[in-house]
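Structure first, then comments.
Just the heavy atoms: all of them, side chains too, but no hydrogens, waters or symmetry mates, feed the values below. So that the names make sense, note that chain A is the first sequence line, chain B the second, and so on, each numbered from 1.
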2 protein chains.
Amino acid sequence: MATIRDVAKLAGVSVATVSRVINKNGYVHETTKQSVEAAISQLNYRPNEIARTLYKKNSKLIGLIIPDITNPFFTELARAIEDTAHHYGYTVVLCNTDEILEKEKHYIEVLQQRQADGCIMIINEKVTHSNLQQDFPIVALDRPIHAEIPFIHADHYQGGQLAAQILLRKGSKHLVHIRGPKYLDSAEARYQGFLDIVKKESVSYHILESSFQPSNDERLINDLFDRFPETDGIFAANDVIAVSALKTALRRGIAVPEELQIMGYDGILFGQLFYPSISTIAQPIYQLGEKATKILLQWIETKTCDPLVSCLPVEWIERDTTRKELLDEQHSNNR
Amino acid sequence: MATIRDVAKLAGVSVATVSRVINKNGYVHETTKQSVEAAISQLNYRPNEIARTLYKKNSKLIGLIIPDITNPFFTELARAIEDTAHHYGYTVVLCNTDEILEKEKHYIEVLQQRQADGCIMIINEKVTHSNLQQDFPIVALDRPIHAEIPFIHADHYQGGQLAAQILLRKGSKHLVHIRGPKYLDSAEARYQGFLDIVKKESVSYHILESSFQPSNDERLINDLFDRFPETDGIFAANDVIAVSALKTALRRGIAVPEELQIMGYDGILFGQLFYPSISTIAQPIYQLGEKATKILLQWIETKTCDPLVSCLPVEWIERDTTRKELLDEQHSNNR
DNA sequence: CGGTTTCATGTAACCGGTTACATAAGGAAA
DNA sequence: TTTCCTTATGTAACCGGTTACATGAAACCG
């Protein structure tokens, strides 16, 4: 591996001159520049980023700390983040935590030791500031960390409302919401949105809580059909749960969407592969990842951090687990 | 951020002594050691990995170059790789290439400039050795790169055979194989395995080629049912295609598995969420990623690279898109 | 024509670690 | 007592870049 000194020797100049050529700064005579470039290509020289990082203190490396890359929602976020980072010349380090606090702490430390320029985190535990090195840019994605840490998320309250409204307008009369765990603010917001609508419309409803384990979910949902056979609309906290609901319903011979409507949440790409395909409240997943990355990079490069909280709107994607007919306003308001 | 010199000053020793304490090598008096450790914890000192890397020339960083993290097969590999790397104290950089040669080359260069210790690659283009720096450890996963680059893969020929055998033994008489693209050796091997069985059993079959785009696949499969309505067994090149086949069949009112059996390939976790769930020839995805990582790390740390090719067996996972009854040997051999 | 800019390049310190080598004290062996 | 080994620690070079500063030549200017 050739070094800058090899290049300098071959070109018959000093290392400073070579550095000037590489970085296009300072004065370099055209002739000198050419001979340096010739030496560079002759030696197939590539500057050592590590040495550069050591002096300049920026590594163009960012961390991505997520619970589990295997969860399709996170996968799609990761894809967006890597795309965006790459576009701006940054490299991303992948860190799976399984939501284990120890691993989260460990990775933060590793990233800082490696002089990462910042990181994007999806974690539950509210990391205390003391754990974090001063001035280490972090943005929280999907889940808030701390009031002073920028946070990008989708409007889950609106999503919960939307889900309930659509199920009702399309004729469901006995709703069930399978909510996510209480420690997730996003699950709480979806639940609140749902609740506010069903209460306003004073429609019958039940709330169940998912463990986010497909096999457990199927048991939960079977149970649901036994206990509340009149259920004709399910709002699932995410698409994977919606899929379990769909599977369980079909297995019991319940017609979807005729007898039972199912609304998923997240809008993962997979949802469209099912039969019937999963109607869902879609988060703008790619944009969430993109925005988080842009905010992080802006923070890194300009030391400023504009919006402390960004909330992106959700969108209903109509597919086949909800009915096509829309009841007219009057009718649905009658109840 | 405290440096080793700050620690040395606070502890009243030289940097060499501090370094010895940190790395537990050389002689250090117990008393000295304690005062150094006190200084370290007082300053909350963490050694700078960049400086260390610069001198030692190992970064404990490995690259993962894959087409698209969004593809569940690659996602699961990535998870296994990150787990294993982390277990051995390595950090992984995520690189999505979309199978674009330029991006592949770019990432190899980036990784080398960052002094990555090696990388795991899933690429099609046979990268010439000249593109690669001397002594940069690379292992090829799922797709071969070069005779001298270690290669870890599953036994796709066996997988193709197994798929055909099972479909036949479970009573299908008119098989279709939706194969993957020709440039993929793994698709070719699955195809050959399938072919050798159907030819030996002289059963009627057709071959189609998927573009790996779910929407195109649905068109392709609709077409298939129009042209070959007698089809009663589909072997899909991967689980996602199998899912498209299932969806298309159900939409046309074809009973699965009674009228049509579907065999997927890969064994991604998602396959079990469908109704009916996808029977599949499962690759040992986690073990593939784990093995690739272990071989890479062994190469990095011992400079030796034991097996140049590792082939892991595949396994049939019986789920619901294949029939439960097994025809007896005699019967199925009769044809 | 002397003084000031601009251009061009080199020298050496610096980033924050690691380690080869030097030095010295204490104990054991001869 | 001399020699040698083990223990303990410090000094400074090194890794491969960047850049502050110094130097000198050419161009410009009144």
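When the nucleotides D/dG17, D/dT11, C/dG17 are ranked by their closest atom to the side chain of B/A51, C/dG17 comes out on top. Set against C/dT19, D/dG17, D/dT19, the side chain of A/I4 has D/dG17 as its closest nucleotide. Comparing C/dT19, D/dT19, D/dA8 by their nearest atom to the side chain of B/T32 picks out D/dA8. Among the nucleotides D/dG16, D/dT19, C/dT19, the one closest to the side chain of B/A16 is C/dT19. In the set C/dC15, D/dG10, D/dG17, D/dG17 carries the atom at the smallest distance from any side-chain atom of A/P47. With C/dT18, D/dT19, D/dT18 as the candidates, the nucleotide lying closest to the side chain of B/N23 is C/dT18.
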Between the protein and nucleotides 21-29 of chain D, list the N/O to N/O atom pairs that are separated by less than 3.5 angstrom.
none

Quick test: give all pairs of protein nitrogen or oxygen and nucleotides 3-7 of chain C nitrogen or oxygen below 3.5 Å, distance rounded to 0.1 Å.
from  : atom 1 : to    : atom 2 : distance (Å)
C/dC7 : OP2    : A/Y27 : OH     : 2.2

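Side-chain contact between A/T75 and A/R79: absent, with no pair of heavy atoms (C-beta onward) separated by less than 4.5 Å.
Taking 3.5 Å as the limit, the base of D/dG16 and the side chain of A/R52 contain no donor-acceptor pair of atoms between them.
Just one residue in the list B/E109, B/Q112, B/Q113 forms a side-chain hydrogen bond (donor to acceptor under 3.5 Å, both in side chains) with A/R46, and that residue is B/E109.
An OP1 or OP2 oxygen of D/dG17 is reached within less than 4.0 angstrom by a side-chain nitrogen or oxygen of A/Y45.
DNA chain D is contacted by both B/L54 and B/R5; B/R5 maps to the nucleotide lying nearer its 5′ end (nearest heavy atom per residue).
As judged by a 4.0 angstrom heavy-atom cut-off over every strand, A/S19 is placed among the base-contacting residues.
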Distance-only check: which donor-acceptor pairs under 3.5 Å involve side-chain atoms of residues 87-96 of chain B, not counting sequence neighbours?
from  : atom 1 : to     : atom 2 : distance (Å)
B/Y90 : OH     : B/E301 : OE2    : 2.7
B/T91 : OG1    : A/R114 : NE     : 3.2
B/T91 : OG1    : A/R114 : NH2    : 3.3

